[in-house]
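Reading through the structure tokens given below for one structure.
Only this structure's heavy atoms are used, side chains among them; waters, hydrogens and symmetry mates stay out. The shown structure was predicted, so the numbers you read here are calculated from the model rather than taken from an experiment.
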Amino acid sequence: MKQEPIPSPRLVRFFITLPEPLAIPDGYAWHNSYKHDPTQGSIQQFVNLVFMNSDGISRQRGSMTATFEAFNRVTNKPDTGDTLDTDAVTGQYTTVVATTLEDRVPDAASQWNSPQDIPAAHDPLNRCIEEIAQFTRSYRAALEAPCLVPTYEKIGPIIPFQTGSFAPVVDESGRWTGFRVSEWDGGGTLMLDHTNFSDFPAGNEIKPEHEGRIGYYRDMLEAENPLFLWKERFIEARAALYREGKYGTAVTLSNTASEVLLDSLLALLYWESGKTPDEVAEVFAEGRLARRVKSKFSELLGGTWSLDGTGPVADWFHKCYRLRHRVVHGGYSPTRLEAQAAMDVTFSLSMYCWDRLVERRRKFPRTTLMVIAEEGLRTRGNWCRFMRDFVRDVAPVEPSWREASRAWRNDMYDALLTGE
């Protein structure tokens, strides 16, 4: 009786060029099998990686070309085309041929906000990217190589692929030998859900109406305004998540941004309340952020500042603050969804802080004007008669609030360090 082979599974292989080359021999192969999933019949999930090295045009060459082009334009010198030793600026590239089962769940994409969030067990591309990342982490630990761990956001954004199957091998009598070989047929390209073309700028082009705003933030930077620094850390968290795919960094930067925001706001509130730096220095002791959040803000701004339950503050505490502790102190590697959540709750926390401050603008008009400003109050529909009168009658005759609050903050930290 002729032995019939089990129906051949479909395969897919992706051609993924890493964001930077790895010092791995050309053709090096790595294979990993996963725990058997009964839903996949008798076929065990796996990922097979083959590392292929090649040379090509480097980014350094493009950079040098642009440098000499700018030099020639400014100096009115003709471009002779012989300013570069092109052989000296070729680049090395590592492309991974990643093969796995083509077993994507048809409706998986509808269950997740982004394709990269689909669990690796249900999506072959994410499974391959995850295995490449795990291999790279193991490789760099074993060889102590300071290389970049590839993530979804750092590859592509266009990935070629081929599909195929395991064809059974039969003997001369036509019976299945128990062996299979891969045969490839169709193919195409995937466009990933990001636009991280490293040769193109991220962000919008400067327009004339932006110049005053840039000058305003430049003044904040010069004054070492911590509310500038909180926003800068938050933008860095976004870059870490969306452009660099560094999920742990995105979590720690989100938490850093929230700590800068909370402590900066609290310092301004104490300054405007007339507290002396010595009176409140101990409140700002390191490691007591959670304590001062739940005990100090409610008496100044009202609202709900409990770390339990739900709401902007409790969500931030559980999804950002505590997660950061796991990342920093426990070596935990968060998922992209966890990093996204940490950033989202940090933003929600900032909005809650601004909402509470606007509610207490009559008690803290100086802080409100420094943080929310007239434009923000108008946008919120809270540019009231009290604030108009305050800006007209009080603000012009008082010393610089920025300078006064900065001096107060510096004195407070000096008192805190002296107390220690």
Side-chain angles (χ1 to χ4, degrees), residues 19-20 59 113-114 116-117 133 137 146-157 192-206 210 213-268 286 289 293 312 315-354 371 406 409:
E20 63 181 26
R59 284 184 53 78
N113 292 329
S114 301
Q116 61 265 50
D117 295 332
R137 291 176 64 187
C147 57
L148 180 70
V149 175
T151 57
Y152 185 100
E153 290 79 10
K154 290 299 291 182
I155 63 173
L192 302 192
D193 188 27
H194 69 73
T195 54
N196 293 336
F197 294 93
S198 56
D199 294 320
F200 293 90
N204 299 320
E205 185 177 355
I206 293 178
H210 295 148
R213 189 169 182 81
I214 293 173
Y216 171 78
Y217 277 97
R218 180 63 181 84
D219 291 341
M220 291 182 67
L221 177 60
E222 184 71 23
E224 300 178 1
N225 189 318
L227 294 171
F228 175 94
L229 301 179
W230 110 261
K231 190 169 187 177
E232 190 172 45
R233 297 294 84 76
F234 186 74
I235 294 170
E236 289 173 351
R238 292 179 59 193
L241 176 60
Y242 295 127
R243 292 188 59 81
E244 300 171 10
K246 297 180 178 179
Y247 308 142
T249 301
V251 171
T252 56
L253 284 171
S254 294
N255 189 74
T256 299
S258 62
E259 291 196 20
V260 173
L261 165 66
L262 291 165
D263 278 354
S264 301
L265 178 58
L266 186 60
L268 284 172
E286 187 174 356
L289 176 65
V293 167
D315 289 345
W316 161 79
F317 178 70
H318 290 286
K319 296 180 181 180
C320 182
Y321 182 85
R322 296 183 68 179
L323 178 61
R324 177 263 178 194
H325 191 278
R326 291 181 63 195
V327 171
V328 173
H329 300 291
Y332 177 67
S333 295
T335 65
R336 181 188 180 278
L337 285 175
E338 288 176 316
Q340 176 71 65
M343 197 169 64
D344 289 345
V345 296
T346 296
F347 181 76
S348 296
L349 175 68
S350 71
M351 292 295 99
Y352 185 71
C353 288
W354 308 151
V371 174
R406 179 173 65 171
R409 187 175 64 253

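Between the CG atom of Leu221 and the NZ atom of Lys231 there is a distance of 13.0 Å, given to the nearest 0.5 Å. From Asp315, atom CG reaches atom OG of Ser348 across 7.5 Å, with rounding to the nearest 0.5 Å. Once rounded to the nearest 0.5 Å, the distance linking CZ of Arg233 with CG of Asn255 reads 13.0 Å. Note: Leu253 CG to Leu241 CG = 11.0 Å, rounded to the nearest 0.5 Å. The structure places CD of Glu236 at 10.0 Å from OG1 of Thr252, a figure rounded to the nearest 0.5 Å. Between Lys319 atom NZ and Asp344 atom CG the span is 8.5 Å, to the nearest 0.5 Å.
Shortest non-hydrogen contact noted between Gly156 and Leu192 is CA-CD1, 4.3 Å. The heavy-atom pair separating Cys320 from Thr346 by the smallest distance is SG-OG1, 3.5 Å. Nearest approach of Ser264 to Val260, heavy atoms of both residues: OG-O, 2.5 Å. Closest heavy-atom contact between Ala250 and Ala339: CB-CB, 4.2 Å.
When side chains are defined from C-beta on, Tyr321 does not count as touching Val293, because their heavy atoms never get closer than 4.5 Å. Contact annotation: the side chain of Phe234 approaches that of Met343 to within less than 4.5 Å [non-hydrogen atoms, C-beta and beyond]. Glu20 has its side chain within reach of Cys147: a pair of non-hydrogen atoms, C-beta onward, lies under 4.5 Å apart. For the pair Leu262 and Leu349, the minimum side-chain heavy-atom distance is below 4.5 Å. Annotation: side chain of Trp354 is in contact with side chain of Met351 (closest heavy-atom distance under 4.5 Å). Looking at heavy atoms from C-beta onward, Leu323 lies in side-chain contact with Tyr332 at the 4.5 angstrom threshold.
With 3.5 Å as the limit, one finds a donor-acceptor pair spanning the side chains of Trp316 and Ser258. Neither side chain, Thr151 nor Arg336, offers a donor N or O lying under 3.5 Å from an acceptor on the other.
Of the possible donor and acceptor atoms, none in the side chain of His194 sits under 3.5 Å from a partner among the backbone N and O of Lys154. With hydrogens and angles disregarded, a donor-acceptor distance shorter than 3.5 Å links the side chain of Tyr152 to the backbone of Asp193.
Other residues, nucleotides and ligands contribute over 12 non-hydrogen atoms within 6.0 Å of the CZ atom of Arg406. The 12-atom threshold is not exceeded at CZ of Arg238, counting heavy atoms of other residues, nucleotides or ligands nearer than 6.0 Å.
For the pairing with Tyr247, the side chain to side chain donor-acceptor pair (under 3.5 Å) check across Glu153, Gln340, Glu338 returns one residue only, Glu153.
By the ring pair (Phe, Tyr, Trp, His ring centres under 6.0 Å) test, His325 pairs with His329, sequence neighbours left out.
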